[in-house]
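Before any comments, here is the structure.
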Amino acid sequence: MTSERRTALVEGLMGRFPQVPREAVLKEDLLRGGMAFDESALSGNEDGDVKPKSYFIFSFDHRTLPELGAAALNRPPEEIVLTGGPYDLRRTVVSVRVNPASPYVVRAGEDGALGLFLDGARIADVGLPPMPDYYRHTLSNGKSVMEVAPTIQWGYLVYLTVFRVCQYFGAKEECQYCDINHNWRQHKAAGRPYTGVKPVEEVLEALEIIDRHDTARTSQAYTLTGGAITSHVGGRDEADFYGQYAKAIEERFPGRWIGKVVAQALPKADVQRFHDYGVRIYHPNFEVWDRRLFELYCPGKERYIGRDEWHRRILDSAEVFGARNVIPNFVAGVEMAQPLGFATVAEAIDSTAEGLRFFMSHGVVPRFTTWCPEPTTPLGKENPQGAPLEYHIRLLETYRATLEDFGLSSPPGYGPPGPGRAVFSVSSFMDSLPATDPDPAPVAP
């Protein structure tokens, strides 16, 4: 779609779906299609005053590092915040996904202040995340805090990708939308520090620095995650490998952060180990609802566990954590990836709504990440434009309506909901929900 048509499309959808916050419409378009950066808007890496993009697990870019030009040498910011402009935007935090071909450009205006431009018109003021004090300190071995324990969501979440690769490997096992393995390879090829397995001691040292310097207590949760483990890492299975970090963190910093883990849907006994280690929120991501697409897009997960068993384990885990604290993610938009996905927005929404109703009928509230079609993945290569913006807007509408149908509210551990308040940056589902009290806490089962 040409740039000249983008403004009309966005404003048309704002008009057709007035119940979806206008902030969410723009945010979804930026997440699905990326944004370009003028050199005046790049961050200065770790030597400047702006928190740079950490590449905390996936690339979340529309080009490989060698194709990003200046944005590869001088990193863009981790996130941006949009305000004001002709749409009178409330504060909206957006994860940065770089696309040099995007019609959205972040650059300095005539007044020198940064703005977001679309079709040559300034549509929002742009704020950049300040470099946190803890990023200015290094571990005893010289590694940066950003490398070991980066923070996202405007500092709310410490993101601990402790295993930087995935044991689902190759075309017959890797999820078809996921570039975790390529992201590791490209950073190593570029000579960037990118630790494959982060030692527990390094994680604890980085968290000590964060705890010491985050005097405002902006960071409120941590997520333990990484690639799937089908055998062992360091002699440990998946539950013990990720669990060892939670155990160490909770022993050293009891109650300091809300502990979350993203892992496969594991047997109930393994899930119990996570809980015993101190984890409070469990994310056994179901990725995509449709049976045929799950089998095609997640071949390793289908081979090792299977879709039906995966869903059974999600429901079983609610008996351990409590349904409210089990929050499986899905990758919003891959339902429409061609040539095998749904041909129409209506079909894709109907399928995803079926999945939402299945889980929410059991008290489990999924969440979603807006699909970024990374170019090294099979689905990204075939679908560089991602899913239509209308799909994402209708999904927000469907998600909120389904929550209301089952009398449920926003999940815990994501910060406050509501436009102008949400900090969750890789989807606008929190921006599109009603503004309620501050971040709901996990509830003991």
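As the structure is a prediction and not an experimental result, all values here were calculated from the model. By convention here, the first residue in the shown sequence is residue 1.
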Exercise for review: Decide yes or no on ring pair (Phe, Tyr, Trp, His ring centres under 6.0 Å) for F359 and H311, but give the supporting numbers first.
Suggested key: CA-CA 9 Å; F359 288 113; H311 294 171; 5.5 Å; yes
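Partners of A206 under the side chain to side chain contact (heavy atoms under 4.5 Å, CB included) rule, at least two apart in sequence or in another chain, are L139, V148, A149. In terms of the ring pair (Phe, Tyr, Trp, His ring centres under 6.0 Å) criterion, residue partners of W257 (sequence neighbours excluded) are, by chain and number, F253. For E11, the side chain to side chain contact (heavy atoms under 4.5 Å, CB included) partners two or more places apart in sequence, or in a different chain, are T7, Y87. Take P76 and apply the side chain to side chain contact (heavy atoms under 4.5 Å, CB included) test, not counting sequence neighbours, and it matches F37, L42, K53, A71, V96, V98. Remark: Y104 engages no residue in a ring pair (Phe, Tyr, Trp, His ring centres under 6.0 Å) (not counting sequence neighbours). Taking H362 as the reference, F358 meet the ring pair (Phe, Tyr, Trp, His ring centres under 6.0 Å) condition, with sequence neighbours excluded. Partners of Y304 according to the ring pair (Phe, Tyr, Trp, His ring centres under 6.0 Å) rule, which considers only residues two or more places apart in sequence or in another chain, are Y168. Applying the side chain to side chain donor-acceptor pair (under 3.5 Å) test to D38 and every residue at least two apart in sequence or in another chain returns S40.
Screening residues 350-374 for salt bridge (Lys or Arg N to Asp or Glu O under 4.0 Å), with sequence neighbours left out, gives R357-D405. Residue pairs meeting the salt bridge (Lys or Arg N to Asp or Glu O under 4.0 Å) criterion with at least one member in residues 171-196, sequence neighbours excluded, are E173-R303. Residue pairs meeting the salt bridge (Lys or Arg N to Asp or Glu O under 4.0 Å) criterion with at least one member in residues 84-98, sequence neighbours excluded: E23-R90. The stretch residues 147-167 participates, sequence neighbours left out, in these salt bridge (Lys or Arg N to Asp or Glu O under 4.0 Å) pairs: E147-R164.
Aromatic ring orientation, Y399 versus F429: perpendicular (interplanar angle above 60°, classes split at 30° and 60°). In this structure, H283 and Y414 have perpendicular ring planes: the angle between them is above 60°, well past the 30° mark.
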